[in-house]
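Working notes for the structure below.
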Amino acid sequence: MTALLDIDQLRTFITIAETGSFTKASDVVHKTQSAVSMQMKRLEERVGKPIFARDGRASRLTDEGERLLDYARRIVKLNMEAVASLSNAELSGRVRLGVPDDYADRYLPEIMARFSHTHPNVELTVVCDPSTDLIDRIDTGDLDLAIITDCEMIARETEIIRREQLLWVGSSRHATHLEEPLPLALGRQSCNWRQEAIAQLQALTRPFRILYTSSNSTAVSAAVLAGLAISVLPESGLRPGMRVLGPGEGFPTLAPCRIGLVRNRHEPSALADALADHIVQGLDNISEAAIAAE
């Protein structure tokens with residue numbers, strides 16, 4: 001007979017995967033490190049496969065562990081949904097979400113509408129800031145959840161919830177991409193996308209100048225649409241009147257960007273978990289076909 005998986009063990013397993021170590025996970029789940037180790041030993045016995053491989057002081061998942069992680073998250077989530085449904089307890093209170101403004105226009109309307117419909121008694125507070133600032137606000141407890149875009153620059157465990165191509169963009173009505181030096185409209189100096197764009201142009205020894213700098217995506221997009229500058233945007237950031245510039249125009253392919261979800265681990269809440277579910281579903285529902293149609 002197949003052994004049943006223990007929900008508490010799965011929760012601990014998920015926490016280890018997210019924090020990167022047994023020691024950090026023990027603090028989050030309020031268990032001793034020896035108790036956490038015992039739970040994982042018993043979980044490995046249940047699945048009959050090693051799920052962790054030691055990597056220095058960190059705990060790296062094996063291939064079997066990566067497969068189990070996906071199932072574990074789904075099982076724990078379904079368990080929480082079942083308990084909430086049967087308890088007839090309607091969530092109320094306030095939940096605080098941070099999101100970069102370059103994703104707010106595209107993602108927030110659907111997420112807010114769906115969340116408000118299913119949780120009418122919950123007050124949703126939204127803060128728009130650059131990703132690095134949102135991380136600081138998570139750490140200080142000002143936010144419950146944050147959508148971040150510069151995942152590669154964040155020195156912490158991040159739940160990657162979407163990947164999309166980073167693109168060179170210009171105005172479809174202007175030939176700005178032919179100008180020398182190339183005028184650019186980019187985010188502030190700490191922006192990973194800005195650094196990627198500059199590195200690519202320097203590798204090509206193509207002359208450029210930073211014409212506009214702003215952490216506000218609307219301002220950057222305005223400069224592009226006015227034909228004043230070229231920029232780099234994620235696929236979902238394309239607007240009518242923009243054209244994608246590729247190798248045919250002399251612009252190298254950029255690395256895909258990752259959108260992540262960061263949670264306030266110090267103050268977990270059912271409201272934050274519920275909002276996180278809506279965020280993940282909302283991003284999944286935004287298809288590349290819909291973006292292209294715009």
Side-chain angles (χ1 to χ4, degrees), residues 17-20 95-112 115 124-169 184-200 210 212-224 229 231-239 254-269 272-273 275-284 286 291:
E18 291 176 343
T19 60
V95 62
R96 303 158 300 175
L97 170 67
V99 58
D101 73 312
D102 46 358
Y103 280 86
D105 289 345
R106 180 66 187 172
Y107 295 151
L108 273 184
E110 180 181 351
I111 292 171
M112 293 175 68
F115 186 71
L124 175 59
T125 299
V126 178
V127 173
C128 290
D129 271 331
S131 294
T132 50
D133 293 349
L134 294 177
I135 287 294
D136 291 339
R137 301 189 71 158
I138 283 282
D139 291 339
T140 57
D142 291 338
L143 294 173
D144 299 300
L145 290 168
I147 299 172
I148 63 171
T149 53
D150 292 340
C151 299
E152 296 82 358
M153 298 181 63
I154 306 302
R156 62 158 59 229
E157 183 71 22
T158 304
E159 180 183 349
I160 304 303
I161 54 178
R162 183 176 172 83
R163 290 176 173 83
E164 56 182 308
Q165 188 62 44
L166 194 62
L167 303 168
W168 295 97
V169 296
L184 298 176
L186 300 170
R188 60 187 188 179
Q189 292 184 355
S190 61
C191 176
N192 196 40
W193 300 348
R194 173 184 173 128
Q195 295 171 8
E196 169 77 3
I198 291 175
Q200 293 280 10
I210 307 295
Y212 293 97
T213 295
S214 177
S215 60
N216 184 282
S217 66
T218 301
V220 171
S221 295
V224 172
S231 188
V232 290
L233 293 174
E235 191 173 15
S236 62
L238 294 178
R239 299 289 184 268
L254 298 167
C257 62
R258 301 185 299 171
I259 299 96
L261 188 64
V262 178
R263 304 172 189 246
N264 183 339
R265 298 296 181 185
H266 304 293
E267 300 176 19
S269 70
D273 290 340
L275 178 57
D277 289 342
H278 281 275
I279 290 172
V280 173
Q281 294 171 19
L283 298 191
D284 285 344
I286 299 175
I291 295 170

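FYI, the numbering just counts along the sequence from 1.
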Return the [atom1] to [atom2] distance between [X] and [Y], rounded to the nearest 0.5 Å.
{"X": "I147", "Y": "L261", "atom1": "CD1", "atom2": "CG", "value": "6.5 Å"}
{"X": "C191", "Y": "I198", "atom1": "SG", "atom2": "CD1", "value": "9.5 Å"}
{"X": "C257", "Y": "R162", "atom1": "SG", "atom2": "CZ", "value": "9.0 Å"}
{"X": "L254", "Y": "Q200", "atom1": "CG", "atom2": "CD", "value": "5.5 Å"}
{"X": "L166", "Y": "R258", "atom1": "CG", "atom2": "CZ", "value": "13.0 Å"}
{"X": "I135", "Y": "L143", "atom1": "CD1", "atom2": "CG", "value": "9.5 Å"}

Please identify each residue that fulfils side-chain contact (heavy atoms from CB on, under 4.5 Å) with [X], with sequence neighbours left out.
{"X": "L108", "answer": "L97, V99, A104, M112, V126"}
{"X": "N216", "answer": "D101, S214, T218, A219"}
{"X": "I111", "answer": "Y107, L275, I279"}
{"X": "D273", "answer": "M80, R263"}

Taking all heavy atoms of [X] and all of [Y], pick out the closest pair and write down the distance.
{"X": "L186", "Y": "A197", "value": "CD2-CB, 4.4 Å"}
{"X": "A185", "Y": "A229", "value": "N-CB, 3.6 Å"}
{"X": "E196", "Y": "A255", "value": "OE2-N, 3.7 Å"}
{"X": "P100", "Y": "T149", "value": "CG-CG2, 4.0 Å"}

May I have the step-by-step check of side chain to side chain contact (heavy atoms under 4.5 Å, CB included) for L184 and S231, ending in yes or no?
CA-CA 6 Å; L184 298 176; S231 188; over 6 Å; no
Which residues share a side chain to side chain donor-acceptor pair (under 3.5 Å) with R188, sequence neighbours left out:
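In terms of side chain to side chain donor-acceptor pair (under 3.5 Å), with neighbours along the sequence ignored, R188 is linked to T132, D133, S190.
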Who are the side chain to side chain donor-acceptor pair (under 3.5 Å) partners of T213, not counting sequence neighbours?
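Counting only residues at least two positions away or on another chain, T213 forms a side chain to side chain donor-acceptor pair (under 3.5 Å) with R194.
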Considering only heavy atoms from C-beta outward, does the side chain of T125 approach that of D144 to under 4.5 Å?
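No, every pair of side-chain atoms sits at 4.5 Å or beyond.
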Check: L134 and V262 side chains under 4.5 Å, non-hydrogen atoms:
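Not in contact.
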Between R239 and G237 (side chain of the first, backbone of the second, donor and acceptor by atom type, cut-off under 3.5 Å), is there such a pair?
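Indeed, once roles are kept as given, a pair shorter than 3.5 Å links the two residues.
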So, E235 side chain and E164 main chain: donor-acceptor pair closer than 3.5 Å or not?
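No, the answer is negative, given that no donor and acceptor are paired below the 3.5 Å cut-off.
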Checking side chain to side chain contact (heavy atoms under 4.5 Å, CB included) against L167, which of V232, L238, L233 comes through?
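In the set V232, L238, L233, the residue that makes a side chain to side chain contact (heavy atoms under 4.5 Å, CB included) with L167 is L238.
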